[in-house]
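To start, the structure under review is shown below, and the notes come after it.
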Amino acid sequence: MARKTADLLKIVPDLLYPRRCPFCHDIAPVGLEACPSCLKKLPYVGEVRCRKCGKPVDSTMVFCDDCMKTRRFFDEGRAAFRYDDLMRETIRFFKNKGRKEYGHVLGSMLYECAKDDIARWDADLILPVPLHKAKLRQRGYNQAAVIAEELSKSSGIPMRTDVLLRADRTAAMKSLDAAGRKRNLTGAFRVTEGKAALSGGCVPGAVILADDIFTTGATMDECARTLKAAGAQSVYFLTVCIGGGEETIF
Ligand SMILES: [Zn+2]
Ligand SMILES: [Zn+2]
């Protein structure tokens with residue numbers, strides 16, 4: 001009897017506040033975070049990926065075109081999913097339709113994909129890519145921080161939101177082309193009072209940056225450049241999705 005009551009209590013929150021599946025947005029089956037049928041069709045990034053940024057590549061390639069052409073400041077990173085139409089909708093609901101809870105499901109799926117890399121990187125801190133203040137006010141949460149929080153909970157690596165911040169100067173970014181954005185990003189971030197956290201005594205630390213999407217990598221690179229200038233030795237990144245094309249700056 002006691003066991004039955006305990007089982008029942010576990011599903012009460014689901015009955016009172018039904019969870020939505022982050023991939024079809026319908027009510028998820030009781031006790032599950034997503035529909036089993038949706039989980040089967042997720043666009044996971046396979047094993048054949050760029051050794052630097054984790055973008056899917058041809059089996060003959062070690063690095064993607066972008067990583068061959070561009071100097072990267074981050075050491076290595078990866079994503080869980082390709083940014084296809086399904087994931088584009090999921091991220092849109094997560095960021096722009098108030099489905100903050102999707103971030104917890106996506107963050108724990110990202111952890112499952114990347115746990116071997118996380119163990120190998122041996123990082124001291126997880127840092128979310130910071131959001132513009134205006135955007136934070138409008139949305140009410142930084143989507144990168146929701147993902148970072150979940151990665152931190154699963155890995156046991158502490159998360160800090162006071163180490164890396166936005167410098168208020170990238171408002172006009174939307175109208176720039178890719179090259180313009182990259183130029184414009186220089187100096188877009190700053191390391192604050194948490195600076196000491198980056199170097200534990202004489203051994204500079206390793207950091208994992210977390211965000212929702214990696215596109216051109218310009219944002220991630222500028223974060224990594226800023227962190228390394230402040231004393232971080234290694235900078236890795238984890239994102240839920242990875243895709244080509246336009247850099248998403250929010
Ligand atoms: Zn579903
Ligand atoms: Zn790459």
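Order of appearance sets the numbers: ligands from 1, and atoms from 1 within every ligand. Quick caveat: nothing in here was measured; it's all calculated off a predicted structure. Starting from 1, each residue takes its place in the sequence as its number.
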* To do: Give a rough value, rounded to 10 degrees, for the angle at the Zn ion (ligand 2) between atoms SG of Cys67 and SG of Cys53.
  =>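 Vertex the Zn ion (ligand 2), arms to SG of Cys67 and SG of Cys53: 110°.
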* Would you give the angle at the Zn ion (ligand 2) between Cys50 atom SG and Cys64 atom SG, to the nearest 10°? =>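 The SG/SG angle about the Zn ion (ligand 2) sits at 120°.
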* Asked: Below 4.0 angstrom, N of the basic side chain to O of the carboxylate: do Asp75 and Lys228 qualify?
  ->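 Salt bridge: yes.
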* Got a salt bridge between Arg19 and Glu33, using NZ or NE/NH1/NH2 to carboxylate O under 4.0 Å? ->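 Judged by the 4.0 Å cut-off on N to carboxylate O distance, Arg19 and Glu33 do form a salt bridge.
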* Carefully, step by step, assess Phe94 and His104 under the rule ring-ring contact (aromatic ring centres under 6.0 Å, His included). => CA-CA 10 Å; Phe94 171 39; His104 297 289; 8.5 Å; no
* Would one find an N, O or S atom of Cys35, in either backbone or side chain, under 2.8 Å from the Zn ion (ligand 1)? ->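 Given the 2.8 Å cut-off, Cys35 counts as a ligand of the Zn ion (ligand 1).
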* Does Phe74 have its ring centroid less than 6.0 Å away from the ring centroid of Tyr236? ->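 That pair fails the under 6.0 Å test.
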